[in-house]
There are 2 protein chains.
Amino acid sequence: MDSREQLLKRSVEAKEIYLPHISADPVVFGFDNNELRILLTKMHYRKQWLLPGGYVMKDEDLDDAVVRILKSRAGVSDVFLEEFGIFGKKNRSQLYFEDFDDTLFQKQRFISVGYYALYNSSEINPIADEISETCEWIYLRELPDIDLAMDHKEIIEKALLTLREKISYKPIGYNLLPEKFTFPELQKLYEAILGRKLNRGNFYRKIKTLGILKKLEEQRRGGAHKSPDLYSFDQENYTKALEDGLNSW
Amino acid sequence: MDSREQLLKRSVEAKEIYLPHISADPVVFGFDNNELRILLTKMHYRKQWLLPGGYVMKDEDLDDAVVRILKSRAGVSDVFLEEFGIFGKKNRSQLYFEDFDDTLFQKQRFISVGYYALYNSSEINPIADEISETCEWIYLRELPDIDLAMDHKEIIEKALLTLREKISYKPIGYNLLPEKFTFPELQKLYEAILGRKLNRGNFYRKIKTLGILKKLEEQRRGGAHKSPDLYSFDQENYTKALEDGLNSW
């Protein structure tokens with residue numbers, strides 16, 4: 001079955017199973033080598049990168065749909081996804097399937113709900129589904145040079161913006177860093193999200209004030225330099241900071 | 001035409017004009033007498049309060065739809081609305097129209113997009129549309145005692161939660177307070193949004209630090225006590241604080 005036949009077959013099934021006009025797009029951020037990356041997929045049908053999105057079953061809660069979609073399209077499970085925006089421009093999705101006729105389920109107008117998640121990407125090994133040739137981690141810095149379908153660039157930018165806002169009032173890092181990390185690694189994470197360098201001293205003082213870190217007894221071994229101190233998040237204070245926010249009035 | 005006939009007639013038109021399965025619900029917050037209130041409507045058909053929501057035209061951007069909906073259902077225009085959440089549980093909307101058969105457009109499953117806005121409610125005089133018997137401002141404190149349809153209580157709570165998070169990293173007040181206001185009035189606004197009392201001294205210091213207020217030369221006249229100082233927002237600093245957020249890393 002070639003990629004066209006595959007999509008036509010899916011269209012017939014989709015009309016039975018899914019609601020028309022509504023889709024969900026997960027933006028999964030990972031952090032590795034001091035850089036952010038996201039999960040993207042590429043279908044056999046077109047050589048364009050896409051978020052691993054999909055449709056909502058007629059009898060399925062929207063929040064359940066996005067979890068199922070991510071599992072089926074990228075092989076990724078146990079990810080906590082949070083809604084961050086809705087993409088509802090009238091012509092956002094139809095062009096992608098322009099060489100099909102208008103009866104194709106996938107070609108109709110879709111309003112898409114964006115969900116994001118933050119993960120330590122070394123723990124997630126994406127697996128492409130049968131309509132895709134690959135599903136993989138792509139560094140944010142590579143995005144300007146790749147061909148992203150539809151408005152998926154805009155969706156990713158909004159997700160990143162949401163993340164930037166979020167770290168001004170919530171702690172971040174729990175799912176993105178390994179259990180034990182160094183202070184410079186935490187700073188690199190914040191810098192990657194904010195897209196700019198931070199002053200080391202200021203950052204150190206601010207983080208200390210929040211009380212969300214625990215300094216461990218051990219140091220990281222190996223390397224020519226002085227062994228750096230290791231930290232982990234203080235579970236209790238981190239959770240409290242998540243609930244209360246970082247800046248109370 | 002009774003309320004049932006009205007809804008049946010609307011259903012026929014709606015199938016022509018609107019996308020199925022997607023609706024938008026505006027939560028418009030106003031501030032008056034030191035209290036928050038929201039715009040609610042009540043249809044002839046059922047004696048239950050509702051957000052003044054509606055449907056999305058087949059050839060209309062979602063963001064335009066919610067503006068049109070608010071105008072047509074509540075007579076309110078020139079309101080800046082921001083998306084804050086999506087409500088997609090599978091059985092959220094069908095029960096409301098339970099005494100119609102399933103061919104009614106309004107009775108299908110709807111995934112609804114919540115938008116919120118903040119306004120000085122004395123400047124907005126809501127007008128009910130023809131399917132509604134009233135559209136009016138209801139104080140938040142009255143909500144526990146009124147009968148709200150579907151999951152509209154949950155939508156309002158999520159909007160309020162969003163507002164609470166927002167004031168931890170963005171200035172708020174520009175659309176909610178009159179152009180000239182006293183410091184206690186600003187504090188009352190923050191207290192109304194947060195749902196708790198604030199320490200006057202701490203609040204004063206925090207707000208001063210942000211630099212978003214301009215002290216005016218004039219005082220408010222009238223009243224037996226000392227005339228209170230009047231303030232307005234410093235347009236430039238307020239805009240900058242909106243863009244940068246209140247807490248930079």
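This is a predicted model, so every value here is computed, not measured. Labels below follow one simple rule: chain letters A, B, ... track the order of the sequence lines, proteins then strands, and each chain is numbered from 1.
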Novice: Under 30°, 30 to 60°, or over 60°: which ring-plane class applies to B/Phe183 and B/Tyr231, parallel, tilted or perpendicular?
Specialist: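 Perpendicular.
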
Novice: Ring centres under 6.0 Å, that's the criterion: do A/Phe105 and A/Phe110 meet it?
Specialist: yes

Novice: Let's test your reading of the structure: which of B/Asn91, B/Ile167, B/Val113 forms the most heavy-atom pairs below 4.5 Å with chain A?
Specialist: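 Ranked by contacts with chain A, first place is B/Ile167.
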
Novice: Under 6.0 Å between the ring centres of B/Phe181 and B/Phe233?
Specialist: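 Yes.
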
Novice: Which residues in residues 192-204 of chain A have any heavy atom lying under 4.5 Å from a heavy atom of chain B?
Specialist: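 Counting heavy atoms that sit under 4.5 Å from chain B, the residues of residues 192-204 of chain A involved are A/Leu194, A/Arg196, A/Leu198, A/Phe203.
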
Novice: Output yes when B/Asp129 and B/Arg73 qualify as a salt bridge under the 4.0 Å nitrogen-oxygen rule, no when they do not.
Specialist: yes

Novice: With sequence neighbours excluded, give me every salt bridge (Lys or Arg N to Asp or Glu O under 4.0 Å) pair touching residues 52-64 of chain A.
Specialist: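 Checked against salt bridge (Lys or Arg N to Asp or Glu O under 4.0 Å) - neighbours excluded - the pairs reaching residues 52-64 of chain A are A/Glu60-A/Arg68.
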
Novice: If I compare all heavy atoms of A/Gly173 with all of A/Leu189, which pair ends up nearest, and what's the gap?
Specialist: CA-CD2, 3.6 Å

Novice: If we define contacts as heavy-atom pairs under 4.5 Å, which of B/Ala65, B/Gly245, B/Pro20 has the most with chain A?
Specialist: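 So the answer, after comparing B/Ala65, B/Gly245, B/Pro20, is B/Pro20.
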
Novice: Distance alone, cut at 3.5 Å: any donor-acceptor contact between the side chains of B/Tyr55 and B/Gln106?
Specialist: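 Side chains of B/Tyr55 and B/Gln106: no pair found under 3.5 Å.
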
Novice: Need one label for A/Phe84: side chain, backbone, both or neither, based on atoms under 4.5 Å from any heavy atom in chain B.
Specialist: backbone

